[in-house]
Amino acid sequence: MEKKKVNTKKISGIGLMIALAFVLSYIESMMPINIGIPGIKPGFSNIVVIFSLYVYSPLAAFGIAIVRIILVGLTFGNFASLMYSFAGGMLSFVIMYVLRRLDLFSVNGVSVAGGVSHNIGQIIVAMLVLKTKLLIYYLPALIISGTIAGIVVGIAGGLLIKRIGRYMNEM
């Protein structure tokens, strides 16, 4: 009976994480960020993925990332945005998972690597879809934005892990 109770609490916590990631994506979509470079976003929903990677499990974090990408893509985007988000999100997750397992970097370092690799994944898909290598010149701006976003997400995720992570594990 006790194991069933723990699983129910964990599942409800993961559901809460999916909802939070979805809401953060919605808030982000409403922000008028225009710095002259299309597609640059802060990636606030990645706070939830980072948090889940450290507090829950890699499988839970992966599920949260997949569900969030699909929900946001279907709700606020189109097939192209879903495709780019999926490529970026999956590459980002794989890199963050590997770095988390190696335990060589802080939460901030893992987050920065995730932010940068997300943009690299999107550029690779864009180059394949548009059949041009010229998009590679866009990469330095995306690496800078991914680094900045990764730092912000890493700081927020690290604070949440430290402040409430232990409470989520007790659920």
Q: Check the pair Ile151 / Val112 against side-chain contact (heavy atoms from CB on, under 4.5 Å), numbers first and verdict last.
A: CA-CA 6 Å; Ile151 290 169; Val112 168; 3.6 Å; yes
Q: Using modelled atom types only, decide if a donor and an acceptor are shared between the side chain of Ser111 and the backbone of Asn108 within a distance under 3.5 Å.
A: no
Q: Evaluate the side-chain proximity of Thr8 to Ser12: yes if any heavy-atom separation is below 4.5 Å, no if none is.
A: no
Q. Is Leu59 reachable from Phe51 through a run of I, L, V, M, F, W or Y residues, each pair having side-chain heavy atoms under 4.5 Å apart?
A. no
Q: Check whether any side-chain heavy atom of Phe76 sits under 4.5 Å from a side-chain heavy atom of Leu71, and report yes or no.
A: no
Q: Verify, without hydrogens or angle tests, whether Ser117 (side chain) and Ala113 (backbone) share a donor-acceptor contact under 3.5 angstrom.
A: yes
Q | side chain to side chain contact (heavy atoms under 4.5 Å, CB included) against Ile120, all qualifying residues, sequence neighbours excluded | A | Leu91, Val116, Ile124, Leu139
Q) Can you find a heavy atom in the side chain of Met83 that is under 4.5 Å from one in the side chain of Val129? A) yes
Q: First locate atom CD1 of Ile27, then atom CZ of Phe44, and finally report the distance between them rounded to the nearest 0.5 Å.
A: 9.0 Å
Q: Just jot down the side chain to side chain donor-acceptor pair (under 3.5 Å) partners of Asp103, sequence neighbours excluded, or say none.
A: none
Q: Please go through Ile144's hydrophobic cluster and name the other residues, only I, L, V, M, F, W, Y counting, with side-chain heavy atoms under 4.5 Å joining them.
A: Ile148
(Q) Quick check: is Val98 connected to Met96 through a chain of hydrophobic side chains (ILVMFWY, heavy atoms under 4.5 Å apart)? (A) yes
Q.
Test: side chain to side chain donor-acceptor pair (under 3.5 Å). Region: residues 57-72. Which pairs qualify, not counting sequence neighbours?
A. Ser45-Arg68
Q. Under the 3.5 angstrom rule, does the side chain of Ser85 hit a backbone N or O of Leu82 as a donor-acceptor pair?
A. no
Q. Taking C-beta and beyond as the side chain, do Gln122 and Val125 meet within less than 4.5 Å on heavy atoms?
A. no
Q.
By the ring-ring contact (aromatic ring centres under 6.0 Å, His included) test, which pairs, at least two apart or in different chains, include something from residues 97-121?
A. none
**Q.** Heavy-atom closest pair, residues Ser92 and Gly115
**A.** OG-N, 4.5 Å
Q.
Minimum heavy-atom separation for Asn78 and Ala80, please, with both atom names.
A. OD1-N, 3.1 Å
**Q.** Heavy-atom side-chain proximity of Val49 to Met17 below 4.5 angstrom
**A.** no
Q. Which pair of non-hydrogen atoms, one from Gly121 and one from Ala87, has the smallest distance, and what is that distance?
A. O-CB, 3.9 Å
**Q.** Test item: Ile50 and Ile161 side chains (from C-beta on) under 4.5 Å apart, heavy atoms
**A.** yes
Q | Leu24 vs Glu28, side-chain contact (heavy atoms from CB on, under 4.5 Å): CA-CA, chis, key distance, verdict | A | CA-CA 6 Å; Leu24 289 172; Glu28 187 175 279; over 6 Å; no
Q | Shared hydrophobic cluster, Ile164 / Ile14 (ILVMFWY, side-chain heavy atoms < 4.5 Å) | A | yes
Q | Candidates Val110, Val107, Asn46 - the one meeting side chain to side chain contact (heavy atoms under 4.5 Å, CB included) with Val153 | A | Asn46
Q: Is it possible for you to say whether Ile64 and Leu74 belong to one hydrophobic cluster, with membership spreading through side-chain heavy-atom contacts below 4.5 Å?
A: yes
Q.
Contact between Ile143 and Asn119 at the side-chain level, heavy atoms closer than 4.5 Å - yes or no?
A. no
Q: For Phe62, enumerate each residue passing the ring-ring contact (aromatic ring centres under 6.0 Å, His included) test, keeping only those at least two apart in sequence or located in another chain.
A: Phe93
